[in-house]
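Computed from a prediction, not measured in an experiment: that's the story for all the values here. Read the numbers this way: they start at 1 and go in the same order the structure lists the ligands and their atoms.
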Amino acid sequence: MFTLIALPYTPEALEPVISAQTIAFHHGKHLLAYVDNLNKLLPGSEYEGMALEEIVRKAPAGAVFNNAGQILNHNLYFMQFKPASEAAQRPEGVLAAQIEKQWGSFEAFKADFEAKGVGVFGSGWVWLSADADGNLVITQETNAANPVVKGLRPLLTFDVWEHAYYLDYQNRRAAHLAALWQIVDWKVVEERRLKCEG
Ligand SMILES: [Fe+2]
């Protein structure tokens with residue numbers, strides 16, 4: 001059985017970038033529904049007892065994939081943030097150097113990531129991942145998809161489903177994505193990158 005992930009910050013901690021009300025719905029209602037749905041689908045299925053990521057890699061398109069994918073996506077999403085006053089605002093060390101090597105500058109990387117997020121048609125996600133050689137790649141994923149399906153290691157993601165921003169930004173997806181950088185916990189992103197090196 002899967003459980004709703006506990007947030008490492010209070011509901012209002014990410015304001016004004018993400019409001020407490022959005023956290024309450026996004027984490028407490030949307031993510032909880034995916035957890036409840038998956039827990040109903042698993043008993044007696046071939047996926048019972050599998051780790052979440054394994055389910056996402058193995059399940060075909062359908063309800064199990066959609067709910068497991070959305071739990072994996074949201075767990076990575078919610079755990080990568082911290083209050084803007086405590087967040088570093090930019091990556092450091094190897095990650096920063098790799099971004100500069102591939103994009104020229106952190107600013108150019110952010111512009112590319114935001115544009116790809118804005119460019120997702122309908123509901124989905126934009127991801128920064130590492131490939132098997134340690135190179136960074138930005139991918140657009142629709143609905144519940146996750147880069148692990150493509151053999152990539154997910155490092156950072158912005159949720160572009162409307163439920164992630166509509167209460168705070170209405171239809172202004174680009175404004176929401178531009179604001180999210182303020183609360184990215186780059187230490188978490190770097191830890192994910194180091195884990196795939198090991
Ligand atoms: Fe979401």
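- Taking 2.8 Å as the threshold, His30 does not count as a candidate ligand of the Fe ion (ligand 1), since none of its N, O or S atoms lies below it.
- Trp161 places a side-chain N or O within 3.5 Å of a backbone atom of Asn143 that can act as its donor or acceptor partner.
- Between NE2 of His74 and NE2 of His163, the angle at the Fe ion (ligand 1) works out to 120°, rounded to 10 degrees.
- The distance from atom NE2 of His27 to atom CG of Leu32, rounded to the nearest 0.5 Å, is 8.5 Å.
- Draw a line from the Fe ion (ligand 1) to NE2 of His26 and another to OD2 of Asp159, and the angle between them is 90° (to 10°).
- The environment of Glu92 atom CD is sparse: at most 12 non-hydrogen atoms of other residues, nucleotides or ligands sit within 6.0 angstrom.
- For the residue pair Asp168 / His176, no side-chain donor-acceptor distance below 3.5 Å is found, with atom types taken as modelled.
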